[in-house]
Protein chains: 2
Amino acid sequence: MTPKDDETGEPAQPGRKRDPSRDASILEATLEVLAEVGAAGLTMDLVATRAGAGKATIYRRWTSKTQLVIDAVAHMKRNQVDLEHLPDTGTLRGDLLGLFKPQSIEEGERRLRIMTGLASLLSQEQALAEAANAAVVQPWAEAHLALMRRAVERGEISASADIGTLSLVIPSMAAYRTLVQRKPFDLPFLVSMVDGVIVPALRHPPSDGPRDSTAT
Amino acid sequence: MTPKDDETGEPAQPGRKRDPSRDASILEATLEVLAEVGAAGLTMDLVATRAGAGKATIYRRWTSKTQLVIDAVAHMKRNQVDLEHLPDTGTLRGDLLGLFKPQSIEEGERRLRIMTGLASLLSQEQALAEAANAAVVQPWAEAHLALMRRAVERGEISASADIGTLSLVIPSMAAYRTLVQRKPFDLPFLVSMVDGVIVPALRHPPSDGPRDSTAT
DNA sequence: AAGTTCCGATACTGCACAGTCTCGTTTTCA
DNA sequence: TGAAAACGAGACTGTGCAGTATCGGAACTT
């Protein structure tokens with residue numbers, strides 16, 4: 001349910017075509033404004049000005065401010081961690097730390113800043129909370145899960161480890177840290193999480209035998 | 001900086017005294033409204049009606065809606081986990097699970113619901129983010145830290161474990177889980193966190209020798 | 001060329017709500 | 001007992017903003 005759908009069955013009308021490039025401009029302007037002033041301070045005039053668009057153009061494509069914001073958040077899902085090109089250093093520790101690319105981190109912090117701005121609407125819009133989680137934390141957790149699965153396959157860690165739960169730990173804590181605590185997601189934090197929590201927990205799984213995770 | 005201070009030097013004026021019990025009624029009404037409709041939907045009329053108070057009474061005590069909300073959040077700090085009466089089952093696992101009291105959990109979820117409602121203002125008001133963290137997650141993390149320290153003292157876990165970081169894991173993840181993911185903080189989740197993450201990590205500390213946590 | 005739909009820009013409308021003011025009543029001190 | 005201040009209730013005001021309507025101009029179809 002991205003932008004407002006144009007009429008589906010078209011009997012070939014005359015008139016100017018809708019410029020598809022405006023969609024992206026508007027969505028990106030929305031994210032910028034969101035990151036700068038938060039959802040509470042976001043106004044349609046601000047978005048329109050930032051996008052160099054008229055308000056009518058926005059309302060021709062989206063039915064409401066809420067819908068626009070939801071779509072903008074969903075739009076973030078692109079440029080995400082590439083699950084096809086994960087780091088491969090030979091150890092899980094190296095792989096996890098290898099996800100910390102300055103560029104990737106900068107983008108990640110931007111996402112979290114946007115989520116901070118969003119938070120107002122989270123409480124009212126279930127769809128928005130889902131979109132935010134799917135765009136920011138979910139992909140990151142999937143990357144961690146993939147790295148952990150590989151570590152299990154090569155025998156580095158036990159198959160009985162609760163990697164379903166463990167893969168959520170760092171992304172969730174990073175989100176909370178940025179969202180509420182306002183502390184940077186930096187390398188020292190990542191290292192203390194990897195070395196103090198994840199790697200120790202994986203090296204010493206709870207008990208042998210299959211485990212089910214209820215945290216997924 | 002709780003309610004608006006009355007005049008300090010008083011030459012013994014006539015007139016009715018300000019009723020101190022109204023402060024608490026108004027703060028609690030604010031928290032109720034916050035939990036129900038979120039900060040975006042919170043209006044002063046709603047708070048006044050819920051508190052059975054006139055708006056003038058509120059504005060006689062607080063300068064603005066923002067100040068009222070900040071004070072209401074700080075007000076939550078009371079009735080917190082009692083650090084003097086922590087569970088003592090003999091094992092860290094038992095102690096951590098012992099914090100899960102239906103009543104305490106109900107209250108904890110209420111706090112998180114309030115924080116969800118708050119989130120809108122988090123991005124704009126640094127003071128509010130700090131108050132929310134101090135009222136909801138901080139006390140919980142302190143309880144965990146105390147339990148972990150005790151486990152170290154009785155030799156159950158190694159002194160080299162990064163308990164500063166580990167004590168933040170469950171409170172932060174619970175907050176994120178409730179705030180964004182909208183999943184209940186229930187016993188299965190707690191068990192998977194304790195058995196899948198915390199206890200394994202503590203039983204197998206990263207390395208021997210002192211560690212410093214950068215996550216505090 | 002004519003007609004239609006797009007565009008950015010901007011004026012306009014309607015509403016929701018923060019904050020103030022008023023009123024009739026109650027409490028306290030002199 | 002009377003002036004002063006606080007109380008609940010609610011009327012009132014001003015503003016900010018979502019959403020709409022209108023403009024002149026540009027692009028596309030026939």
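In the text below, chain A, chain B and the rest are named by the order of the sequence lines, each starting its count at 1.
Protein atom CD1 of B:Ile58 is 17 Å distant from nucleotide atom P of C:dC21, rounded to whole Å. B:Arg50 places its CZ atom 18 Å from the C1' atom of D:dA9, with the value rounded to the nearest Å. When rounded to the nearest whole Å, the span between CZ of B:Arg60 and C1' of C:dC21 equals 12 Å. Taking atom CZ of residue A:Arg22 and atom P of nucleotide C:dA9, one finds them 9 Å apart after rounding to whole Å. Remark: P of D:dC17 and CG of A:Leu68 are 16 Å apart, rounded to the nearest angstrom. Nucleotide D:dG8 holds its P atom 14 Å from the CG atom of B:Asp45, rounded to whole Å. In this structure, A:Lys65 atom NZ and D:dA18 atom P are separated by 4 Å, rounded to whole Å. Nucleotide C:dC17 holds its P atom 13 Å from the CE atom of B:Met44, rounded to whole Å.
A salt bridge does not link B:Arg18 with B:Asp23: none of the charged nitrogens is closer than 4.0 Å to a carboxylate oxygen. The pair A:Arg50-A:Glu36 counts as a salt bridge, with a side-chain nitrogen and a carboxylate oxygen less than 4.0 angstrom apart.
Within 4.0 Å of B:Leu46, counting heavy atoms only, lies no atom of the nucleic acid at all. Counting any heavy atom pair closer than 4.0 Å across all strands shown, A:Ala56 reaches a base atom.
Between the side chain of B:Thr63 and the main chain of B:Tyr59, no donor-acceptor pair closer than 3.5 Å is present.
OP1 or OP2 of C:dA11 has not a single side-chain nitrogen or oxygen of A:Lys55 nearer than 4.0 Å. In this model, the phosphate group of C:dC17 is not approached by any side-chain N or O of B:Thr43 to a distance below 4.0 Å at OP1 or OP2.
Out of C:dG8, C:dA18, C:dT27, the shortest distance to the side chain of B:Arg16 is found at C:dT27.
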Should B:Ile198 and B:Leu202 be marked as a side chain to side chain contact (heavy atoms under 4.5 Å, CB included) after you check the CA-CA gap, both sets of side-chain angles, and the distance that decides it?
CA-CA 6 Å; B:Ile198 303 299; B:Leu202 283 168; 3.7 Å; yes
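Residue order along DNA chain C, read from the 5' end via each residue's closest nucleotide, puts A:Gly52 first among B:Leu42 and A:Gly52. Residues B:Asp19 and A:Lys17 both approach DNA chain D. Their nearest nucleotides, taken by heavy-atom distance, put B:Asp19 toward the 5′ side.
Taking the ring centre of A:Phe185 as origin, the terminal cationic atom of A:Arg177 falls outside the region bounded by 6.0 Å and 45° from the ring axis.
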